[in-house]
Amino acid sequence: MTDTDTHPDDYAFATLAVRSGQRRFGEMEHAEPIFTTSSFVFANAAQAAARFAGTEEGNIYSRFTNPTVRTFQERLAALEGAQACVATASGMSAILSVCLALLKAGEHVLASRSVFGSTTALFDNYLTRFGIQVSHVPLHDLDAWEAAIRPNTRFLFAETPSNPLTELVDLQALAALAHRHDCLLVVDNCFCTPALMRPLELGADIVVHSATKYLDGQGRCVGGAVLGSEALVGKEVFGFLRTAGPTMSPFNAWVFLKGLETLKLRMRAHSESALQLAQWLEQQPGVLRVHYPGLPSHPQHALAARQQRHFGGILAFEVDGGREAAWRVIDATRLLSITANLGDAKTTITHPATTTHGRLKPEQREQQGIREGLIRIAVGLEDIADIQADLARGLRV
Ligand SMILES: *Cc1c(COP(=O)(O)O)cnc(C)c1O
């Protein structure tokens, strides 16, 4: 086996995205191979015993480790600037793995109230069954975060920018606050990806990903990842994963690691188009408000410019006329995909009040600013003029 592993510290982001984590095997293959094997053989009984005892490193079984999954893990770790990465079967199993590895009964999780719907459901409906306390605070309000911390708070959990209103939190300030109270900060970096923001550098302790979104980038596979220190992620989270088994498949790992190679280019393109679309939407009749961190009208524009490399591919806007008007815009499209997914080369359009946030009570939606006229767009890689023309059809009437 020829080992051409690149050293994470030596190269810039774009180079790491293409090169890191690859080990070349005996066939001298150029691209990374897919190891579709559930188990691995040992040279002899003594080696098998040593691997199981943990005195010798090496593959045993693909629930624990797999070479293709390892390449993805090492590459993403290099991009996030993390010591350790554990790949998981989905974004939700990444979050579940963090919870089950780090929490015990009687502890408290403090989460932003604007996190992914299934994350809220996992926290509120499942963790609470096992004696974990959960509470929620408005994402941007650092005073509210601090006031809600309890003596038994284990970690703070945030997503920035939020979905769908693109609110931000200052991660450096939130990390400092968490650490002052002996809590960890866990950040779901799905919307930014390390191409736009590296939460660990800003002080976060753990980053989770839904690889399903931008890391894949073409809507093909479901997967996730947890990143952080060797002690927290390499030991604790990995220990849970190898035991409980929400493992990433080698095929999916291969799709994601190839996705990482174009991540920087794609995130710049998504961001450039989203900014153009946001600026254009602000000029359209019937559009009451556009939520996008790249607009000077966004209340946290300065923070976004400081915290992120670009402003991201997701925006929301509110049309005059409530649900009826919003549905008219959505139903008039011929190009955009009506789906709740995001992070795809294909632009997607969503009505949050009746889909992603449909399970919330009306007063919760109102409190969070998810109005009936709100539309979310995850801007893809199509030509911006075609996206605008598609939306103009429903806005003009
Ligand atoms: C989609 C998503 C998840 C869940 O990821 P899955 O891969 O669908 O399990 C978690 N967080 C955010 C922000 C997401 O968009």
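Whatever order the structure lists ligands and atoms in, that order sets their numbers, starting from 1. Computed from a predicted model, the values in this text were never measured in an experiment.
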Write out the residue and atom name of the closest protein heavy atom to [atom], then the distance separating them to 0.1 Å.
atom                    : answer
atom 8 (O) of ligand 1  : S210 OG, 4.1 Å
atom 6 (P) of ligand 1  : G91 N, 3.4 Å
atom 7 (O) of ligand 1  : T212 OG1, 2.6 Å
atom 15 (O) of ligand 1 : K213 NZ, 2.7 Å
atom 9 (O) of ligand 1  : M92 N, 2.9 Å
atom 4 (C) of ligand 1  : F116 CE2, 3.4 Å

Check your understanding: Out of curiosity, is A94 lining ligand 1, as in a heavy atom under 4.0 Å away?
Key ->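 It does not, in that no heavy atom of A94 comes within the 4.0 Å cut-off of ligand 1.
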
Practice item. Using heavy-atom distances, let me know which of D188, V115, I95 sits nearest atom 13 (C) of ligand 1. Key: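 Shortest heavy-atom distance from atom 13 (C) of ligand 1: D188.
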
Exercise for review: Determine which pairs satisfy ring-ring contact (aromatic ring centres under 6.0 Å, His included) with at least one residue from residues 129-152, sequence neighbours left out, and list them in order.
Suggested key: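 For residues 129-152: none.
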
Run the numbers for me: atoms of ligand 1, each under 4.0 Å from some heavy atom of [X], listed by number.
X    : answer
G223 : 7 (O)
E159 : 13 (C)
S90  : 7 (O), 9 (O)

**Study point:** Aromatic ring pairing F157/F155, orientation class (parallel under 30°, perpendicular over 60°, tilted between)
**Key:**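 The arrangement is tilted - the two ring planes meet at 30° to 60°.
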
Exercise for review: For the pair F52 and F42, name the ring-plane relationship: parallel under 30°, tilted 30 to 60°, perpendicular over 60°.
Suggested key: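 Taking F42 first and then F52, their aromatic rings stand perpendicular (interplane angle over 60°).
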
Review point. Quick one: do R198 and E80 make a salt bridge, cutoff under 4.0 Å?
Key: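 Looking at E80 together with R198, the answer is no, because their closest N to O distance does not fall below 4.0 Å.
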
Practice item. Check each of Q133, H108, H181 against T153 using the side chain to side chain donor-acceptor pair (under 3.5 Å) test, and report the only one that passes. Key: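 Between T153 and the candidates, side chain to side chain donor-acceptor pair (under 3.5 Å) is satisfied uniquely by H108.
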
Point to revise | Single-linkage hydrophobic cluster, 4.5 Å side-chain cutoff, Y214 and M197 together | key: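 In one cluster: no.
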
Review point. Just by modelled atom types, is the F35 backbone N or O under 3.5 Å from a matching donor or acceptor in the N66 side chain?
Key: yes

Check your understanding: Does the H298 side chain pair with the main chain of A304, one donor and one acceptor, at a distance under 3.5 Å?
Key ->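 Such a contact is absent between H298 side chain and A304 backbone.
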
